[in-house]
Every structure is written in C-alpha cells, then in structure tokens.
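To start, the structure under review is shown below, and the notes come after it.
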There are 2 protein chains.
Amino acid sequence: MTRRPPTLSDVARRAGVSYATADRVVNGRAGVSEKATRSVHAAIEALGYVRNVAAANLSQQRVYRFAIVLPAGSNAFFRRVRDLFAEAASRLLPDRISLSIESVEAFDAEALTTRMAALAAARVDGVAVVASDDPQTAAAIAALRARDIPVLTLVSDVPGSQRNAYVGIDNVVAGRTVGRLIRMAHGGRKGRVLPVVGALSAHDHAERLSGMREVIGGAFEIAPVVEGRDRFELVETLVGKALAEDPAITAIYSAGAGNAGLVRVLDALPPGSARPYAFLHELVPHSRRALEEGLIDVIIDQRPEEEVARVIEYLTLLADRRELLRTDPIVPTIFVRENLPQTRADALEQAG
Amino acid sequence: MTRRPPTLSDVARRAGVSYATADRVVNGRAGVSEKATRSVHAAIEALGYVRNVAAANLSQQRVYRFAIVLPAGSNAFFRRVRDLFAEAASRLLPDRISLSIESVEAFDAEALTTRMAALAAARVDGVAVVASDDPQTAAAIAALRARDIPVLTLVSDVPGSQRNAYVGIDNVVAGRTVGRLIRMAHGGRKGRVLPVVGALSAHDHAERLSGMREVIGGAFEIAPVVEGRDRFELVETLVGKALAEDPAITAIYSAGAGNAGLVRVLDALPPGSARPYAFLHELVPHSRRALEEGLIDVIIDQRPEEEVARVIEYLTLLADRRELLRTDPIVPTIFVRENLPQTRADALEQAG
DNA sequence: CCAGTGCTGATAGACGTCTATCAAAATTTG
DNA sequence: CAAATTTTGATAGACGTCTATCAGCACTGG
C-alpha cells in the first residue's frame, strides 16, 4: 500500500554514486564534481526524496533552544502571552524544543541589547523579541543575525531591521476594522468618537487611530485624544472627565491598555443614561468580563495563541534552514459577547 | 548549559534495573514485578524523562497514515477545505505524515459506511470525516473505534457517536454572533430580517437561525425563511422575489451556501435604493469579492485553516496515544471588509 | 613516471528507541 | 528440596542520518 519513503541510500543507488557522495551533496560539503552533483539532484527529484528530519536531529542529538524576550511588568496582555509560551514550553518538551522565556524592562533598549548579546553568546537557535522600533534594537538584531541566529519580532515590529519575520497584527488594519464597526454601530447616523491611547507618540497606538479615522470618514467627529499612559487610574480619571464634559460622545475607541479604568467609568454611568459604544483591544480577564456584562461592545484581539504557534513554527523552520511559506500578518479578530472562546475553567468543567 | 535530556538508559540506571526492564515498563509489556515497575516510574518522575518520539518513530519506521473524508462536489467551502488539506499534505511530508484525502457523495450514508469500512480494513492511523448526524454513520464510526482507530468529526458533528472529538464551530454560537451584529447594525432601531437557509431540515442551518433569533430579541421581525437548497440559481430567484415583495426587510442572514445567487440579487438592486445589511457564512472567493465591493457587510467564517491544523494535531496526538489537551470548539470569526486576510496572490506579490 | 590534487567509495560508530532472543537469576509451587 | 515459573539482564540489530577516516582512482603538471 503506502511504500517506504525513499532514503538517501535509495537516492545514491539511483544516482549511481555512493552514499558518501550523495551525503556530500545534500549537506553541501565540498569535493564533489558537478556531474555527480547533478545526478544526485536528479535522483532526489525523481524519487521525491525528503530528508528525514527526525533521524537527522537524532543523529546530532539536536535540541532546539529558543529564547522569547518579553517586556517585564504586569500588563494583562503580556501576562497572557507569557502564560501561553509557558504552556507551549511544556507541550514541546517531547519534541526536544526548549523555550527560555525571558523578561526585560519595557522600553529599556540598553537592557534589551545586553540581553540579546548574551543570547548571541549562548548560541541559541532562535530568538523572538518584543522590541520597540529604535536604531539600537535594530543593531542588536543585526548582531544576532550576523551570528546566523534567526530573529523574529513579536507583537511590535522593527521594520528597518534584519529580523527574519514579524509575527503580529498590522495596527492600521486593526484600526480600520474598528472604524468599520463604529460605522456599523451607528447605522448611518452621525457620531462623535472619543479616542483613548497610551501615548500619541506610541507608534502602534497612533497607527490604530489613523486606521480608524480612515474608515469612519467625514460624517464623524473626533473628540480630543485621551492619553492615559496605559495606566488604569489615569484612564479612569481622564475618560470620566471627557464623558462628563462631552455628552455628545457616542463611541469610545481605546487603542491602548489600562482599560480596567475605562470599564470602571462605564460601569459607574447612571443606569438610565445612554452608554456610548465601546471598542477595546486585547481579550484579557477584565475586558472579557466587561464584554460579558454588556459594558463594552467589541474586543479586537490579536490572538496571542496564534502568534505563539507561529513563533514556534517559524523558529523551527528557520533553525532547520527551511523556508517560511507564508509570513502574512496575523488578522485582528473581532470578539462580541456571543463568540467569546471558552475559558480554561469552562473547558475543564466540560471535560470533568 | 542545557544538559542532555535523560534517555531510557538513564532511567534504567537510576532505577537500578536493566534497560530491558525499563523498556518493558514504559511499553507496558508483561513480566515485570510490581516493585521494579514502581522504581522505574519513580526514576522517570525524578529525571523528568520523556520518550523521544522521533527516535521511537524512527525505530519503527513509522509513517502516520490519516484519511480525510470530505463530501464530493463543488461547494466553494469544501473546495477550500480540500485545498487546505492538500497543502498540508505536502507540508507534512518531511514529518512522515501522509494524508489521504477522499471524497464521498454528500448525504450518502451508505457510501460513507462502505468507505469507512475500507479505511478500517486498511488499518489507517486515524480518520477525520464530514458526516451527517444519523445512526448509520454513528455505527460506522463505532466500527472504526472498535478497531482502535481514532475518529474525528469535522465541520459537522455526530454528537451521539463515539468520535474522539469534534473539530468545528458551534452553530448556535455562530448564529448568536450574527444576531449580535444584526442588532449592532440597527443601532437600537427596529428591523426585519430575512433568513436564508439550504433547508430548514438541515441541523446546522436551523441551529444558526435559532441562535440568531435568541439574540436579536423581540424588537425584530423575521420574514418567512427562504429555503434555497444551497443552489445559487434558486437562492437568486427566491431572495430576489422576497426582497421585491417585502420592502421592509432591513437585513439578510444567509446561514447556508449558494450565496453567489444572493450576491447577484444585491448587485442588481437599483443604485439609489437602501441595501439591506447582509450577513453570510464562509469566506470564499465570491463572498470575499462581495465584501470588498461593499455588497455585503459581514462574513462569519469557521476558519478552515484552524480546523485543518487541529485535525492534524489531534490525529497525531491520538495516534501516539497521547491525550487531547483542549477540545473546545472553533470560534466563529467575524470578517468585515477591513480585516480580510491576505490572499495568496497578495502574499506572493509582497514576497516577489 | 612521480608527486600532488581532486574526486569517489566503503565503512564504522553515534544518536535513542523498539523488538527479539537467550541465559541467568529469583521466586513460587509441588 | 527439586522443579516449574516468573522476573531480570545482556545484547544484537534495525531505523535514517551525520560525521569521520582511509584507501583508491583519475587526473594534472613537472
């Protein structure tokens, strides 16, 4: 029925050369005539030979060692990312993949550079890093690549750098998506949108806002942007003030973090009053609860599960010197109250 | 630095038994005293031993042979599923996983049973099947399980059966999600929804409708359901007629297939007239185009990419007699014009 | 014709697991 | 206590690849 996949011995036999020569060809070692090289390649083609990666790794006792560098601190989103990587690490044990999950102070390019130099020295097989887009970081990435270590940027890209790929969403796309939903929620009527960001100087937040602006078009007014520093107390104060002073606001788009504060403001609104539509980023415990309780309307999520899976897929491929087939950005996912994924607790209850 | 993962020899040494005994324990062969069994298990625990699956498979020349049984015919959604499996098959070649993608006439329980019996006889390592929920199919699944062959139901579940897991969306959830979006699009105003299905007798379509009904609540009217047999000509005729006769319709929810016909009706509406909101299932070329052109508003997609990935993940785990960690349903994904994923053509252009 | 060079072939051992076999212990049974 | 049975140990060969070594061949240039 299913016949045995061809081995390199089969290839050698078919090419009329010895195993040693065939091996020299596939492993790119010197000392093979052009003629022999060609006939080996022809045999590979003809037999559809694919190297048995498992056997190859076994013979070299290969253990993939990947490093994941995440910002330190307690942001709910990165806690989730960290948890997902930790879970992946234990799942990947049988596949001889070891993930070292490291923390570096956010926005500290100096510390990040030091850490990445250490990883280069440790000769890891690949690195995924959440970095900000600055020249020093780009240089650190280049240093790793110079040592032939693959590098992925995660969540936030460093476009000019030599990273092999970016794993994350396109923030303009995310903003446009929110824009569309804002329009939909207003059903052709005019509206006034309150944008909330961490800081306007933050690349990603600004991109999200501009994407949103692009789509909502001229029928909408945009209130002065609230900069909440991603801190929930500040967000609470500023948004509370904005809503009180500007009763014309029909929708809030929070492009950054600190949304616990936003939710508190919404929760404290007098029951009878018209609640503005609210659009938030990232599915985390408190945003989920707010969506379930109807305090907010939509969560745009960058699917860290998928990001984690892709990071591992890409790093493994790159470590094997195989090609990345697709490197399209992650698509931002829209969650409403009804299509929330099961929580771990639900899943356990269902199973037990 | 990273030290060599423990092997079974290490376990044996630590347990104070021979390799042969340790091997007997881990492979559940008979003839080992309880005491030896216990000390081997203790050593496994202490060393954190995990069997090297690659080496194990190598030693047995193991090739995973999985069968994917899809409905024959030219439905755009299943064409997409088929393509995704075909692509996965070539990608999985180096991992010694062979997928045989088979077609069986849709709704033909007899043919399906025959095919599944053949798979049982061929002793495949796992089967994923798109089946309808009837006793004969359930029996065929049971027959496979009796031979210790894992079975997954795909896209459409057979709840009473002995399938190991279901990979697909919960259709009630999908319907509820659409309900929420319909409400959102109407922004608090009343509306009248035209439901379009293949047939009301189809489980999944009915579930989607009832989910939608649940959420939109009493403020909405529901027009008589159009049954379009999933055939685009019929859908075109019937929906065209319904819209012409019922100008109060503000939204269309098509829970089934044949949407090319629906799109043609919308495209043919006089330019000035108010177009009803339109909600469709499954991202396929023609629905994508309609969304890009603004003829429809939302596509609910069951992410066949994720389904395919899960099928392979689950089948591999089950074939290795490992446990399935999570078997939560796939979450239906909302696509609007702005968060459509890149097409293959886009990706190629970008790369080249 | 000899030395040097470039290419090729043969082969051995390692990786970790599985299967199998045989002999030697340890234990139970009569 | 001897016989039968159960348990254990030792070991060999296979899986497909990688690395390494060594010998032999066909050339080239002098």
Side-chain angles (χ1 to χ4, degrees), chain A residues 2-41 43-44 47-64 93-98 319-322, chain B residues 2-41 43-44 47-64 93-98 319-322:
Chain A
T2 328
R3 72 187 170 302
R4 186 179 56 85
T7 71
L8 192 53
S9 296
D10 299 329
V11 169
R13 199 172 316 121
R14 164 117 186 188
V17 302
S18 71
Y19 180 90
T21 299
D23 179 79
R24 284 188 257 258
V25 171
V26 297
N27 287 310
R29 268 188 285 273
V32 187
S33 68
E34 201 184 322
K35 189 179 139 210
T37 306
R38 258 185 289 115
S39 68
V40 168
H41 279 134
I44 286 175
L47 296 176
Y49 167 76
V50 271
R51 157 159 150 277
N52 185 332
V53 187
N57 289 350
L58 175 62
S59 81
Q60 324 201 88
Q61 268 189 296
R62 170 150 211 187
V63 178
Y64 296 92
L93 229 107
D95 300 328
R96 309 280 134 159
I97 296 176
S98 103
D320 284 340
R321 299 173 177 286
R322 289 203 266 169
Chain B
T2 328
R3 70 189 172 303
R4 186 179 56 85
T7 71
L8 193 52
S9 296
D10 299 328
V11 170
R13 199 171 316 119
R14 164 119 186 183
V17 302
S18 71
Y19 179 89
T21 299
D23 179 80
R24 285 188 257 257
V25 171
V26 297
N27 287 311
R29 269 187 285 273
V32 186
S33 69
E34 202 182 321
K35 190 179 135 209
T37 305
R38 259 184 288 114
S39 68
V40 169
H41 280 133
I44 288 175
L47 296 176
Y49 167 77
V50 272
R51 159 159 149 276
N52 185 332
V53 187
N57 288 350
L58 176 62
S59 83
Q60 320 202 95
Q61 270 188 295
R62 169 148 210 191
V63 178
Y64 296 93
L93 229 106
D95 300 327
R96 310 281 135 162
I97 296 176
S98 102
D320 284 340
R321 299 174 177 287
R322 290 203 265 169

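So you know, we letter chains A, B, ... as the sequences are listed, proteins then strands, and number each from 1. Keep in mind the model is a prediction, meaning the values are calculated, not measured. All values below come from the heavy atoms of this structure, side chains included, with hydrogens, waters and symmetry mates left out.
In this structure, B/N57 CG and A/L58 CG are separated by 11.0 Å, a value rounded to the nearest 0.5 Å. For the atom pair CG (B/N52) and CD (A/Q61), the distance works out to 10.0 Å, reported to the nearest 0.5 Å. One finds the CZ atom of B/R29 at 8.0 Å from the CZ atom of B/R24 (value rounded to the nearest 0.5 Å). Within the model, atoms CZ of A/R51 and CG of A/N27 stand 7.0 Å from one another, a figure rounded to the nearest 0.5 Å. Atom CG of B/L47 sits about 9.5 Å away from atom CZ of B/R13, to the nearest 0.5 Å.
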Exercise. Classify every nucleotide of nucleotides 3-17 of chain C by which part a protein heavy atom approaches to under 4.0 Å, writing B for the base, S for the sugar-phosphate alone and - for neither, in 5'-to-3' order.
Key: ----SBBB----BBB
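Judged as a salt bridge (Lys or Arg N to Asp or Glu O under 4.0 Å), and not counting sequence neighbours, A/D95 has no contacts.
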Quiz prompt | Worked check of side chain to side chain contact (heavy atoms under 4.5 Å, CB included) between B/V40 and B/V32 | solution = CA-CA 11 Å; B/V40 169; B/V32 186; over 6 Å; no
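Rounded to 10 degrees, the angle between the two end axes of the helix from C/dC1-D/dG30 to C/dG30-D/dC1 is 30°, with five pairs used at each end.
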